[in-house]
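Bear in mind that the values here come from a model prediction, so they are computed numbers and not experimental data. A note on names: the letters A, B, ... follow the listed sequences, proteins ahead of strands, and every chain is numbered from 1.
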Amino acid sequence: MNQMETTYKPRNIESKIYKMWEKGGYFTPPINYSKKPFVIIMPPPNANGILHIGHAVFVTIEDIMIRYHRMKGEPTLWLPGADHAGIMTQVVYEKELAKQGKTRFDLGRKEFYKQTYEFTMKNREIMENQLRRLGASCDWSGKKFTLESKISKAVYYTFKKMYNDGLIYRGERIINWCPRCKTALSDLEVKYENRSTKLTFINYPIEDSKDFITVATTRPETMLGDTAVAVNPEDKRYKNLLKKNIKIQLPLTNRLIPLVADERVEIEFGTGAVKVTPGHDPVDFEIGEQHQLPIIKIIDQGGKVTKEAGSDYAGLDVISCRKKVIEDLEKKGLLVKQEDYQHSVGSCERCQTIIEPLVSQQWFIRIKNLAEPAIKAVKQKKIKFIPDYFTKIYYNWMENIKDWCISRQIWWGHRIPAWYCECGEMIVDINSPKTCSKCKSSNLHQDSDTLDTWFSSGQWPFTVFSWPKKTEDYKYFYPTTVMETGWDILFFWVARMIMLGIYCTGKVPFKYVYLHGLVRDKDRQKMSKSKGNVIDPLGVVDLYGADALRMALVFGTSAGSDIIISEEKIIAHRRFANKIWNAARFILTNLSGDIDLLKIKREDLQFTKEDYWILSELNLTIEKIERAFQKFNFHQAAEEIYGFFWHKFCDKTIEDIKKRLRNGQNLQDKLTGKWILYHVLLVSLKLLHPFMPFLTEEIYQLLPAKPKKALIIEDWPK
RNA sequence: GGGCAAUUAGCUCAGUUGGUUAGAGCGCGUCGCUUACAUCGACGAGGUCGCAGGUUCAAGUCCUGCAUUGCCCACCA
């Protein structure tokens, strides 16, 4: 036996062990139809940067499950991949370009795509090696990327099918527009926060009268696009005016607009009268639809005021226009007052620019048709959420779901598979059509929009298995077993996977959804670079080892709740790693090579009371860990083996046997002691392996007698 | 406005079929170090389990109400 170092030095060991596993082919499961597989599709990390601590969380939790099930003898697949992460990657790469003083428009669509692709591939490789360093025992041989051609074809297949089924439509609707990214966003991609602003009260003169209607607004500049004023039909103040069918003189313009009645208007708020701008407000858009009001677009896609707003204002940005409108109203004596006001303002999730609601031509999914079966599947318990309370959150969202805008005006992503002919014909197909199906013209051009990233990642659990082809892999591994991810993407991703999974394959894509929380520091603060409280997972792996980090990430945490981590906690587990290492070192130096531990029979041993005690404690620990795994309580399992190993095995048994080996009366007693040490260590290594894979494998490899080639494929203790 | 959750030791958190002296890590105190342990061991201090009711032989655990905190969703002009 080699001389073991007196402390555990992860750096020397981890990469060697990982290579051994990879070379051994242990990560690739065999297809064995007599056995039910255990399958996790890894949430594909966005291939646009390096790993952060959140990635370490999913690696840890998923790898724990994977290693446990693999040791139980189940064909276990953990399939990795990478996500192109549409807008996010585009924003990141545009920042790279900005450093060179360039924009994407300087490069043009084709070149931009090419460069972003190269950038993504480079990051992807870095990221994959980082996952290896955390110990991820995933099947690299099957890795996928959302933009690779097979996956893209499957995504187009779904698009076409949904279009033919009438579930995808194209229409001119009001959407969330990011003036910086110059793209539409789905409702989920808009983040709201409270901001201080002014509520402006403006008098709108009534035609042929000296009276006014006073409206209150937070966006006075949009009045230039007003096409009505609305009041609640029950509002006594306005009932007479409504009857008279009056016209209102829109200030600063020469337009006359009607007064309409609409229940959406709250009597209590402001003056009870609302200016209606269907082109630039979602509620106003709905009011406009109902009352067939015209839409005037006074803000363009760059956030600038258009000619439609009048020559005095055209070309201004929104803020300047607001200032000028206020000044002009004041001059005319129509400005009543401005009050301080707090309300929530939406901004782009990726670049934080304030959202401009705009009317434009976009693609949408009629989502209710997909949501219904997705709700039903959960009600029928075909899918179970862990923790359970997410079931209600899921229902709450799914029952109030609205159509999903899936087109983006960005370049990085799957280009929408629709082609237009000059004759006005539109063709939706998987492959680029040669000629127009109506006029036979070959002059077709493809829709310039790309698909929302989540439309493709929503199909990830089956597109990775070459669906819609019914391959062996698809038949064997789909539906998958567990989807493990952060609860923050429950709606973005999990809900969409369930909807699209049922729609595309007729089956739920997974049976369990395990949702982990957000990582925070020991003061419960979100980790962010600006706060300087980030823990770089690779940095701590260098310092303390992957095993210590993994253990620190599961210990004392439970599904769904925030994960509190600090350097102190990681250090505590580095100490535990060292404890295991030294216990093993002590045991190994006492197991002389002349006895064949594997051949010893229990009947030949002379157990003491203490021996029976530790053996029964060991069995109890195995049972508790088993129960904890059944309930997805990984922290409990970790805490059980921690407590057992340190405070029972090390503190009691090893100390006891240490004395017996030194002063033991007879050989039989000493042999029994040695066997206990060996046996309990071996079983403990197995129980510890899902949590601390590197250290345990290294010790296993040093055992004088090992039943298998590697611990990773050992039999789980019963 | 609708919804979800949390409240347990100085700090950060576990405690999911209700059942013996409520646990861990870090921190704190005393002692020890005998050759596995840049440490470790032994012992210890510290909790009316947010508040008030209720169900029960038995409640941190179930029910009701209240308080405080956090989060999510929503068309707060």
(message) Give me the distance, rounded to whole Å, that separates B:G50 from B:A6 when you measure between the C1' atoms they each carry.
(response) 11 Å

(request) If a protein heavy atom is under 4.0 Å from the base, mark B; if only from the sugar-phosphate, S; if neither, -; do that for nucleotides 72-77 of chain B going 5' to 3'. (result) SS-BBB

(request) Could you work out the separation of B:G32 and B:A22 based on their C1' atoms and round it to a whole Å? (result) 30 Å

(message) Could you tell me how far B:C49 sits from B:U8 if I compare only their C1' atoms? Round to whole Å.
(response) 4 Å

(message) Using a heavy-atom cut-off of 4.0 Å across all strands, would you classify A:A583 as base, sugar-phosphate, or nothing?
(response) base

(request) For B:U56 versus B:C63, give the span between their C1' atoms, rounded off to a whole number of Å. (result) 12 Å

(message) Between A:R11 and A:E5, does any side-chain N to carboxylate O distance fall below 4.0 Å?
(response) no

(request) Go through the steps to decide whether A:R575 and A:N578 satisfy the test side chain to side chain donor-acceptor pair (under 3.5 Å), and finish with yes or no. (result) CA-CA 5 Å; A:R575 263 184 225 135; A:N578 203 46; over 6 Å; no

(request) Go through the structure and list residues passing salt bridge (Lys or Arg N to Asp or Glu O under 4.0 Å) with A:K198, not counting sequence neighbours. (result) A:D340

(request) Send over the distance from A:I565 CD1 to B:C11 P, rounded to a whole Å. (result) 20 Å

(request) Rounded off to whole Å, could you give me the CG-to-C1' distance for the A:D651 and B:G41 pair? (result) 7 Å

(request) Mind telling me whether A:Y341 and A:F269 have parallel, tilted or perpendicular rings, with 30° and 60° as the class edges? (result) perpendicular

(message) If I take atom CZ in residue A:R585 and atom P in nucleotide B:U39, what distance separates them, rounded to the nearest angstrom?
(response) 14 Å

(message) Nearest whole Å is fine: how far is B:C71 C1' from A:K392 NZ?
(response) 16 Å

(message) For A:R660, is there an ion pair with A:D656 - N to carboxylate O distance below 4.0 angstrom?
(response) yes

(message) Quick test of your reading of the model: are A:E339 and A:K337 salt-bridged, counting only N-O distances below 4.0 Å?
(response) yes

(message) Between A:E626 and A:Q630, is there a side-chain donor-acceptor contact under 3.5 Å, judged purely by atom types and distance?
(response) yes

(message) Just by distance, no angles: are the side chains of A:E484 and A:H516 close enough, under 3.5 Å, to form a donor-acceptor pair?
(response) yes

(request) Please measure how far the C1' atom in B:G3 lies from the corresponding atom in B:G18, and state the result in whole Å. (result) 29 Å

(message) In whole Å, I'd like the distance from the CZ atom of A:F649 to the C1' atom of B:G41.
(response) 17 Å

(message) Using a 4.0 Å heavy-atom cut-off, does A:F390 contact any base of the nucleic acid, only the sugar-phosphate backbone, or nothing at all?
(response) nothing

(request) May I ask you to decide whether A:R219 forms a salt bridge with A:E356, counting only side-chain N to carboxylate O separations under 4.0 Å? (result) yes

(request) Quick one: sort the A:H573 and A:F576 rings into parallel, tilted or perpendicular, breaks at 30° and 60°. (result) perpendicular

(message) Pairs counted only when both distances fall under 3.5 Å, Watson-Crick or G-U: show me the 5' to 3' dot-bracket for RNA chain B, [ ] for pseudoknotted crossings and | for other-strand partners.
(response) (((((((..((((.....[...)))).(((((.......))))).....(((((..]....))))))))))))....

(message) Both A:T7 and A:K569 contact RNA chain B. Which one's nearest nucleotide lies toward the 5' end?
(response) A:K569

(request) Examine B:C37: is either OP1 or OP2 under 4.0 Å from a nitrogen or oxygen in the side chain of A:W646? Give yes or no. (result) no

(request) Return the orientation label for the A:Y514 and A:F632 ring planes: parallel under 30°, perpendicular over 60°, tilted otherwise. (result) tilted

(message) How many whole angstroms separate atom NZ of A:K652 from atom P of B:C40?
(response) 16 Å

(message) Quick check on B:U39: is either OP1 or OP2 less than 4.0 Å from any side-chain nitrogen or oxygen of A:R574?
(response) yes

(message) Would you say A:K297 and A:S360 are linked by a side-chain donor-acceptor pair, where the criterion is simply a distance under 3.5 Å?
(response) no

(request) Identify, with sequence neighbours excluded, every residue that meets salt bridge (Lys or Arg N to Asp or Glu O under 4.0 Å) alongside A:E610. (result) none

Grab the N/O contacts between the protein and nucleotides 13-23 of chain B below 3.5 Å, and write none if there aren't any.
residue, atom, partner, partner atom, Å
B:C13, OP1, A:R524, NE, 2.4
B:C13, OP1, A:R524, NH2, 3.0
B:C13, O2', A:G556, O, 2.1
B:A14, OP1, A:S558, OG, 3.4
B:A14, OP1, A:S561, OG, 3.0
B:A14, O3', A:H635, NE2, 3.2
B:A14, O2', A:H635, NE2, 2.8
B:U16, O4, A:N633, OD1, 2.6
B:U16, O4, A:N633, ND2, 3.3

(message) If only side-chain N and O atoms count, and only distance matters, is there a donor-acceptor pair under 3.5 Å linking A:Q701 with A:E697?
(response) yes

(message) In whole Å, measure the gap between the C1' atoms of B:A58 and B:G19 for me.
(response) 7 Å

(request) Sticking with atom P, work out how far B:U55 lies from B:G15, rounded to a whole angstrom. (result) 28 Å

(message) For nucleotides 28-34 of chain B, give me one character per nucleotide, 5' to 3': B if any protein heavy atom sits under 4.0 Å from the base, S if the only such contacts are to the sugar-phosphate, - if neither.
(response) -------

(request) Would you tell me whether A:S344 and A:N194 have side-chain atoms, one donor and one acceptor, within less than 3.5 Å of each other? (result) no

(request) Considering only atom P, compute the distance from B:A36 to B:A9 and round it to an integer number of Å. (result) 39 Å

(request) Quickly work out the A:N582 CG to B:C37 C1' distance and round it to whole Å. (result) 4 Å

(message) For A:Y204 together with A:F212, are the ring centres under 6.0 Å from each other?
(response) no

(message) Using OP1 and OP2 only, check whether a side-chain N or O of A:K579 sits under 4.0 Å from B:G41.
(response) yes

(request) Whole angstrom is fine here: how far is it from CG in A:L515 over to C1' in B:A5? (result) 14 Å

(request) Can you check whether any acceptor in the base of B:A36 is under 3.5 Å from a donor in the side chain of A:E655, or vice versa? (result) yes

